[in-house]
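We number each residue from 1, following the sequence as shown.
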Amino acid sequence: MSKKSKKISTPLLVGAIASLVFLILAIVGISLENWVASELLGESVPTSLSDCTKFDMAIADTMSAFAIITIIAAAATVVGAIASLVLNFKLIKLIAAIAGAAAIVCAVITIICTYSFCNDTFGNQLLNTAPSAGAWLLTIGGALSGLAGAFTALKR
């Protein structure tokens, strides 16, 4: 009597691993010291996310909050994607898909808030400011982690 073994689909396993890799990319982005880059008189001045929140502005707090929510949602997506590979519960798949969508939306809102922060705080003729590597790594990593994790959870 042979038992049927449940094999994990290779594309879904790759999707779950990709989701984890993109989560790591987003975590690296949020922890970089180079969230916003300002150029003053030809010299680049990096500013971290924690330094941005020291400004007494609602947009800085909103930017920070959405960055943290992006990481949490992407982590929930990774956990849901990995769990959906092993378990076949519809609730886990639904939660992973919702968390993936939340990670994508929050990543986009984070970069929009970062651009708004740069424009409101530093936007003048003397100081050129734009989102830098940290903001972009968080946005790309969070959005792709959510996308890969939701795909993995829904395709099983």
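Listed by chain and residue number, L49, A67, I68, I71, L138 satisfy the side-chain contact (heavy atoms from CB on, under 4.5 Å) test with I30 (two or more places apart in sequence, or in another chain). Judged as a side-chain hydrogen bond (donor to acceptor under 3.5 Å, both in side chains), and not counting sequence neighbours, the contacts of S50 are S48. With sequence neighbours excluded, the residues forming a side-chain contact (heavy atoms from CB on, under 4.5 Å) with T62 are F66, C113, listed by chain and number. For D61, there are no salt bridge (charged side-chain N to carboxylate O under 4.0 Å, His left out) partners, not counting sequence neighbours.
Counting only residues at least two apart or in different chains, side chain to side chain donor-acceptor pair (under 3.5 Å) contacts with residues 131-142 comprise N34-S132.
Judged by distance alone, with hydrogens and angles left aside, the side-chain atoms of S31 form a donor-acceptor pair with the main-chain N or O of I27 at under 3.5 Å. One N or O on the side chain of S19 and one on the backbone of S145 form a donor-acceptor pair closer than 3.5 Å.
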List, one per line, each side-chain donor-acceptor pair under 3.5 Å for residues 101-109, sequence neighbours excluded.
none

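In the hydrophobic clustering of ILVMFWY residues, with side-chain heavy atoms under 4.5 Å counting as a link, I112 and M57 come out apart. Taking hydrophobic clusters as Ile, Leu, Val, Met, Phe, Trp and Tyr residues chained together by side-chain heavy-atom distances below 4.5 Å, L85 does not share a cluster with V14. I72 and V79 fall into different hydrophobic clusters, defined by Ile, Leu, Val, Met, Phe, Trp and Tyr side-chain heavy atoms under 4.5 Å apart, directly or through other members. Taking hydrophobic clusters as Ile, Leu, Val, Met, Phe, Trp and Tyr residues chained together by side-chain heavy-atom distances below 4.5 Å, I95 does not share a cluster with F89. Linking ILVMFWY residues whenever their side-chain heavy atoms come closer than 4.5 Å, directly or via other members, places L144 and L32 in the same cluster.
Between W35 and C52, the shortest heavy-atom contact is CD1-SG, 4.2 Å. In terms of heavy-atom proximity, A153 sits nearest to A96 at CB-CB, 3.5 Å. Closest heavy-atom contact between T114 and A135: CG2-CB, 4.2 Å. T53 and S64 get closest at one heavy-atom pair: CG2-CB, 3.4 Å. Across every non-hydrogen atom of T129 and C118, the tightest pair is CG2-SG, 3.6 Å. Closest approach of A99 to A76, counting heavy atoms only: CB-CB, 3.9 Å.
The shortest side-chain heavy-atom distance between L94 and I98 falls under the 4.5 Å cut-off.
The side chain to side chain contact (heavy atoms under 4.5 Å, CB included) test with L12 is passed by exactly one of L154, I17, T152: T152. The side chain to side chain contact (heavy atoms under 4.5 Å, CB included) test with T70 singles out one residue from L23, T110, I111, and that residue is T110.
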